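What you see below is based on every heavy atom in this structure, not just the backbone, and it leaves out hydrogens, waters and symmetry mates. In this text the structure is predicted, and so the values were computed from the model without any measurement.
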Amino acid sequence: MKVLWKIALLLVVLLALFYVMGSRVQENEPLESPVKHGTAIPVPNKEFVEMTAGPKRPETGLSIFVGKPSEKLVKAMGQPDRIEPSAYGYDWWVYSNDDVRMMAGVGEGIVNQVFSADTDSDLSPIVVGQNINEVFRFSIIESEVNVVLNENIYTFTLNSQDLKDRILLKYEDLYAQVYVDAEDEIIESVRFIDPKTLVVHQPYDMEFMGELVTANRPSSTVQMEVDRSMERQIVELTNIYRERHGLNLLNNDYWLSVLARNHSKDMAIENYFSHESPSAGNLAERLKSFEIEHKKAGENIAANYVDAIEAVHGWLNSPAHRSVLLDSEATDIGTGAYGKYYTQVLVKSDRKENMKPGYMQK
């Protein structure tokens with residue numbers, strides 16, 4: 001009888017250990033962009049409704065630089081802290097010091113967009129941290145927004161979710177993508193963008209009449225630089241949003257980034273979309289392969305988003321992914337990008353030098 005009790009007690013202990021160990025690692029459902037880039041629909045015979053010009057462009061704030069020579073941006077803001085390529089042929093000028101945190105897209109010497117998630121940035125007439133209902137009261141929010149380039153007409157259709165957390169506002173020769181934290185109903189960031197770059201990005205479902213404007217595909221060398229650029233931007237945006245929610249900033253860890261980068265590359269090359277790698281296993285197994293000691297870990301993956309801005313926005317507005325991104329116990333982050341595949345891994349760790357690669361990087 002005592003033997004049976006001992007066996008039962010051992011089983012309870014083992015089950016408890018299994019539960020605790022399993023709960024240390026969080027994997028969510030893969031998050032795919034609601035709009036797959038390059039799926040615009042040609043409609044040569046469609047009748048488009050007459051388009052309004054939209055309100056006048058803002059006369060103050062960062063949006064005034066869109067469409068202007070980059071020299072004007074330098075004169076007003078100084079030289080950027082770094083310049084890095086995008087997947088669409090323009091460069092990102094990144095300002096990341098304490099005085100200003102923003103990014104500007106610059107192509108052929110012209111600013112084509114500006115983006116900021118900083119509450120101190122002047123994004124007039126929009127304010128980061130503002131309740132979105134205030135924007136609804138004073139702005140025209142439409143589910144269909146038209147863009148005209150020469151003789152070509154492009155129509156973006158915003159779905160019900162877009163109208164909650166990814167609004168598109170139209171001004172004269174300028175558009176504003178307003179990114180909203182749907183849970184808090186607060187504006188998290190704003191992107192002012194010129195018409196052509198908006199069409200090239202295709203961030204919403206799009207129909208067009210005429211010619212489709214696209215960007216040349218980057219070479220493999222440039223794409224590698226683009227991937228590293230997006231990784232840095234994902235880390236920076238993650239920390240900005242964590243800071244806004246009163247959370248600690250994360251340490252950008254090299255080996256965690258290698259692990260995350262391997263997973264993004266593996267998904268792209270092996271053509272799957274899952275936390276479970278056919279060759280390297282799930283997150284717990286991959287962390288073990290790298291001998292990464294951790295008390296807790298979580299992983300977010302995403303695919304087919306326009307860029308780092310859109311990917312982080314998607315995670316923030318998905319409850320399960322948000323819980324990883326805003327985990328109050330996390331201390332370290334690793335981010336990997338490979339083309340349109342994104343991976344971020346957050347861990348809770350007491351030791352900074354705990355990353356030992358157990359297998360060679362692919």
Side-chain angles (χ1 to χ4, degrees), residues 37 57-118 120-124 126 128 147 149-150 154 168-179 189-203 213-237 240 305-313 337 339-340 342:
H37 191 76
R57 286 184 59 147
E59 297 180 354
T60 60
L62 293 176
S63 69
I64 65 172
F65 296 110
V66 178
K68 299 294 193 298
S70 56
E71 288 84 354
K72 289 186 176 293
L73 182 63
V74 172
K75 185 175 181 180
M77 311 293 288
Q79 293 290 342
D81 295 287
R82 65 179 193 267
I83 296 177
E84 39 195 33
S86 77
Y88 303 97
Y90 56 80
D91 288 330
W92 280 115
W93 287 23
V94 181
Y95 293 82
S96 56
N97 58 53
D98 292 335
D99 295 327
V100 57
R101 291 189 294 181
M102 55 88 72
M103 302 196 304
V106 178
E108 298 180 350
I110 302 296
V111 178
N112 57 50
Q113 63 190 298
V114 293
F115 167 85
S116 182
D118 191 350
D120 292 331
S121 291
D122 185 355
L123 298 163
S124 301
I126 306 163
V128 171
V147 178
L149 296 176
N150 299 321
Y154 309 86
L168 183 61
L169 301 178
K170 181 178 182 179
Y171 300 93
E172 288 181 344
D173 299 320
L174 180 72
Y175 294 81
Q177 287 184 271
V178 182
Y179 298 100
S189 56
V190 181
R191 182 193 323 232
F192 288 102
I193 188 167
D194 70 19
K196 181 179 178 181
T197 308
L198 180 64
V199 171
V200 170
H201 281 185
Q202 296 180 40
V213 180
T214 59
N216 294 326
R217 187 173 181 176
S219 67
S220 58
T221 301
V222 173
Q223 184 62 57
M224 187 179 300
E225 296 177 7
V226 171
D227 293 340
R228 300 296 84 78
S229 167
M230 290 194 292
E231 291 169 2
R232 286 187 289 270
Q233 292 168 19
I234 287 173
V235 172
E236 290 169 347
L237 281 173
I240 286 175
Y305 282 92
V306 169
D307 54 20
I309 295 168
E310 296 267 346
V312 177
H313 170 74
K340 294 297 183 182
Y342 310 91

Please check if the number of heavy atoms outside Asn97 that lie under 6.0 Å from its CG is greater than 12.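 Yes, the 6.0 Å shell around CG holds more than 12 heavy atoms from other groups.
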Heavy atoms of other groups near Lys68 NZ, more than 12 under 6.0 Å: yes
Hey, does [Y] have a side-chain heavy atom less than 4.5 Å from the side chain of [X]?
{"X": "Arg191", "Y": "His201", "answer": "yes"}
{"X": "Met103", "Y": "Ile309", "answer": "yes"}
{"X": "Val74", "Y": "Trp93", "answer": "yes"}
{"X": "Lys196", "Y": "Asn112", "answer": "no"}
{"X": "Arg57", "Y": "Val66", "answer": "yes"}
{"X": "Ile83", "Y": "Val106", "answer": "no"}
{"X": "Val111", "Y": "Lys72", "answer": "no"}
{"X": "Val94", "Y": "Asp81", "answer": "no"}

Going by atom types only, do Ser116 and Asp118 share a side-chain donor-acceptor pair under 3.5 Å?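 Note: Ser116 and Asp118 side chains miss the donor-acceptor criterion.
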Between [X] and [Y], is there a donor-acceptor pair closer than 3.5 Å when you use the side chain of the first and the backbone of the second?
{"X": "Arg82", "Y": "Ser229", "result": "no"}
{"X": "Ser121", "Y": "Leu123", "result": "no"}
{"X": "Asp227", "Y": "Met230", "result": "no"}

Test: Glu225 and Arg228 ion pair at under 4.0 Å: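 Salt bridge flag = no for Arg228 with Glu225.
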Kindly write out the residues that satisfy ring-ring contact (aromatic ring centres under 6.0 Å, His included) with Tyr95, not counting sequence neighbours, or none if the list is empty. none
Between Tyr90 and Trp92, how do the two ring planes meet: parallel, tilted or perpendicular, split at 30° and 60°? perpendicular
May I ask you to decide if the ring planes of Phe115 and Tyr179 are parallel, tilted or perpendicular, using 30° and 60° as cut-offs? perpendicular
To the nearest 0.5 Å, how far apart are [atom1] in [X] and [atom2] in [Y]?
{"X": "Tyr342", "Y": "Asp307", "atom1": "OH", "atom2": "CG", "result": "6.5 Å"}
{"X": "Asp122", "Y": "Leu62", "atom1": "CG", "atom2": "CG", "result": "6.5 Å"}
{"X": "Leu73", "Y": "Ile110", "atom1": "CG", "atom2": "CD1", "result": "11.5 Å"}
{"X": "Leu149", "Y": "Asp194", "atom1": "CG", "atom2": "CG", "result": "8.5 Å"}

Closest non-hydrogen atom pair between Val128 and Ala117, with its separation: CG1-O, 3.7 Å
Mind listing the closest non-hydrogen atom pair of Pro58 and Ile64 along with its distance?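 Looking at all heavy atoms of both residues, the shortest contact is O-CG2, 3.7 Å.
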